[in-house]
Amino acid sequence: MDKLVLIDGNSIINRAFYALPPLTSSNGLHTNAVLGFTTMLLKVLEEEKPSHVLVAFDAGKVTFRHEGYSEYKGGRQKTPPELSEQFPLLKELLQAFSISQFELAGYEADDIIGTMAKQAEEQGKTAIIVSGDKDMLQLATERVSVWITRKGVSEVERFTPAGIDEKYGLTPAQIVDLKGLMGDASDNIPGVPGVGEKTALKLLHEFGSVENVLAHVEEIKGKLRENIEANKENATMSKELATIYREVPLTYSLDDVSWKGYDSSTLAAAFRKLEFKSLSERLNLGAADEAMTAETEETATHYEVILVDGQSGWEALNGALAEAEAVVVDSAGDNPHQSEGIGLALAAGGRCYVVPYASLFAPEASRLKEWLLDGGAQKISYDLHRAELVLARSGIELSGQSFDVQLAAYLLDPTEADPSLHGLLQRYGLAPIPTDEAVYGKGAKFRVPAAGDLAKHLAAKADAVRRLREPLAEQLEKLGMHRLYYELEQPLSVVLAGMEKQGIEVRAEALKELGTEFQRRLEETTESIYASAGFEFNIGSTKQLGEVLFERLGLPVVKKTKTGYSTDAEVLEKLEPYHEIVRLILHYRTLSKLQSTYIEGLLKEIRPESGKIHTFYRQTIAATGRLSSQYPNLQNIPIRLEEGRQIRKAFVPSEPGWTIVAADYSQIELRVLAHISGDEGLKEAFLKEMDIHTKTAMDVFGVAADQVDANMRRQAKAVNFGIVYGISDWGLSQNLNITRGEAAEFIEQYFQAFPGVRRYMVDIVEKARTDGYVTTLLERRRYLPEIRHSNFNLRSFAERTAMNTPIQGTAADIIKLAMMRMHEELTGRGLRSRMLLQVHDELVFEVPEEELELMKRLVPDTMKTALKLDVPLLAEVSVGSNWYEAK
DNA sequence: ACGATCACG
DNA sequence: ACGTACGTGATCGTA
């Protein structure tokens, strides 16, 4: 759906000029109005994500309005030079935003906007008009809303026809009548003397229009009547002046104002010129700015593509290995444990050498393989982790991983929408390369192109990595993330690849047996459901299920989704008392989830040759710094319910006589919270190793330890969860099935008991608002642009994220440190034990008999001491012949 | 391709 | 008044 944003340029820049304190750049230019304008512009762009944007300006001095009324706008002071000098700056900046700007001799901005809005309306599009002038309200319709600035430009009031009715009791068309009666001092529209907004509204509520007021003037009493009678013509003329002309002969159309976003480097340059540092940071343009500076000095990128397909090619490549600047490996498919290699490219000394994957197995490739294996030869790439796995499956080892532009870019902004090389180049203002999709196609259309085209693309990618390395490395340095990258994330990626290559043995037989049982009960339950309903239907279809429950069986509708009835577990639990079928459906859901995701799903992932499952940990996905796991996800294997937990019995050691050792952090997030908030009560609770939920219950309910019953502890536990998630009374009330007021009461009690936590929550949100980002203990960073958003929902979400991310992210930092330490311990001590899995607060190992006693101490000790906090960390270890038993 | 649902921390 | 708990991935049905 197309959405236009139409901005009244003169109005907004004027507002901004008078609202903001004077501000000059180092060369003496005034910039406050441009800054205010830009703030407003970004607000509307971020909030509305328009497809079309236009800024309209008044043109010159004389408009058609002056023809009839020479005093029009006569009362206005001359534009001060401090403002006029900002118009060219603004226009230049709008160009940098790639936003269209129009003006037309003889017309004002609002006429252009009125005309455009009308066109938009006729074409079924929606529009938002932004102005400081309430006259604009006359343009509001169902499709056209109007934003009017309040308090300068920092806030806006959004008007729809309904909103105008609510506030003024008028239709949009009556706005001109309002102006006709009350006038507008700033435009020197006289109106009727003595009639302000209140009187004008009263008159219009009674008579409806200027004309009708004049026609019924004898019904009005006293001084007011005299004033109106004496100013009949003024009123009529004022109404005309206030009427926006909507038939401006525009020579451009809506298509001419379409907007596809701005180019980061262009905008970065414009901001730099204006010295808008905070805006640049807010949009995270710092890197683009730097990169661009570097790029212009370095001039354009030139390299020669060499497709290695013969003796001379290999010789050239071998000779260039010593000066390699980047190497990339492409493969087909998302799962690196299955995808086929496509080719390898090496950027070195102004050349890019491209080796089709099959050629890696030619005898001539031996020197290249030695180089790949050489830990002393630094590898700079994009997604080294994936490359290592792909190569490993072909028997080619990779060492010397030194810099990964994907991983670096993730640390610089973990929420970046497009982490592809193409996207990174764009973000850092470097010369673009084609997307993988453009070269390979996607989905069923995936094709490896002919050698020449493939070489070109791989070469471009290697060169792109070469160009990205320095700006990214510099930015890591600048943001204080040097150690996080080089000492933790980069080496961790190699450890992860090792764990994935190792894999974990999963007994297919055990899964199949369990699956047979699930299948039997699934069929049984299906029959019962059909019998209970009286007919058959697809239970897995939420659409059909909704119809059955809420239409045919007449159960009450608890909640709706945007596509129909909600039938999730929360809803079904509420419906259980009404009909026996509900319980059966819940049971069916549980079983079918287990069967399809965990029995059939996992069976498909067991490699027949080894009997193992090799997951793929993704290090650049989660915004908080956590890992994620794919193909399959081994971080969500059932545990909470006994029937699902059985699945874990299939996860076994891969060597006879070995044992599974699992260790998990106890309450790591609340311990992190105790540390970063510094709350004395919380710290003391952990120093004394109290049961934290019981302790919370004691403080929230104001009772002694022995008076805390199971229900109080359960509620306190939910409060603790809420605190970690970024508390809201609504969220807590949902979780505990209590009223919002009761939840608010719990939260208040909690904060009184743990005032340091309240201080943390307030401070971190404030800090996020000031800085635009939050950080973890290890300086991992997450930007929260929406924390300044005017939309309540988006802003609230950002605030909760500001509270949660330092907690969850620091916990992620800690277990990553522990993993590095464990890896060092295992290799350093020459142990045979292997680290296999990470599940956010848990590490799973397989351990030979003779190392069992050592590992039972070493793993929890290493985890506990991974990072020193003001409270102790606790890790609990357990042992078993499979993952189920190690609990 | 996307929403709904549900598995985990 | 606003209406969501934080972070993920896999599967299924439907558009």
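Reminder, nothing fancy here: chain letters follow the sequence lines and each chain counts from 1.
Of the listed nucleotides (B:dG3, C:dA5, C:dA10), B:dG3 has the atom at the smallest distance from the side chain of A:Lys562.
With rounding to whole Å, A:Ile637 atom CD1 is found 13 Å from B:dG9 atom C1'. Between the P atom of B:dC6 and the CG atom of A:Leu545 lies a distance of 10 Å, rounded to the nearest Å. Rounded to whole Å, the distance from NZ on A:Lys593 to C1' on B:dA4 is 11 Å. One interatomic measurement links the two molecules: OH of A:Tyr598 to P of C:dG9, which rounds to 13 Å at whole-angstrom precision. In this entry the distance linking CD of A:Gln595 with P of C:dC12 reads 10 Å, nearest Å.
In this structure, the side-chain contact (heavy atoms from CB on, under 4.5 Å) partners of A:Ala716, at least two apart in sequence or on a different chain, are A:Thr696, A:Ala697.
Residue A:Thr567 has a polar side-chain atom (N or O) positioned under 4.0 Å from OP1 or OP2 of B:dT5. Considering only side-chain N and O atoms, A:Thr542 lies nowhere under 4.0 angstrom from the phosphate OP1 or OP2 of B:dT5.
B:dC2 is paired with C:dG13 under the Watson-Crick or G-U wobble criterion, all donor-acceptor distances under 3.5 Å. The nucleotide C:dA1 finds no pairing partner, because no Watson-Crick or G-U wobble arrangement with both distances shorter than 3.5 Å includes it.
A donor N or O paired with an acceptor N or O is not found under 3.5 Å between the base of C:dT11 and the side-chain atoms of A:Ser596. Under 3.5 Å, the side chain of A:Arg618 and the base of C:dG9 form no donor-acceptor pair of N or O atoms. Scanning atom types as modelled, one donor and one acceptor separated by under 3.5 angstrom connect the side chain of A:Gln808 and the base of C:dC6. A:Arg782 contributes no side-chain N or O that forms a donor-acceptor pair with the base of C:dG7 under 3.5 Å.
Once the 5.5 Å centre distance and the 30° plane angle are applied, the aromatic ring of A:Phe797 is found not to be stacked with the base of C:dT4.
Between A:Glu489 and A:Arg780 there is a salt bridge, since a side-chain N of the basic residue sits under 4.0 Å from a carboxylate O of the acidic one.
Of the candidates A:Gln715, A:Arg714, A:Arg713, A:Met712, A:Arg713 is the only one forming a side chain to side chain contact (heavy atoms under 4.5 Å, CB included) with A:His693.
Spacing of P atoms, B:dG3 relative to C:dT4, comes out at 15 Å, to the nearest Å. Comparing B:dC8 with C:dG3, their C1' atoms sit 26 Å apart, to the nearest whole Å. As rounded to the nearest Å, B:dT5 and C:dC2 have C1' atoms that lie 27 Å from one another.
Within a 6.0 Å sphere centred on CZ of A:Arg507, heavy atoms belonging to other residues, nucleotides or ligands number 12 at most.
As judged by a 4.0 angstrom heavy-atom cut-off over every strand, A:Ser728 is placed among the base-contacting residues.
Remark: aromatic rings of A:Phe746 and A:Tyr750 are distant, center separation not under 6.0 Å.
Where A:Thr624 and A:Pro632 meet DNA chain C, the nucleotide closest to each residue was compared, and A:Thr624 sits on the side nearer the 5' end.
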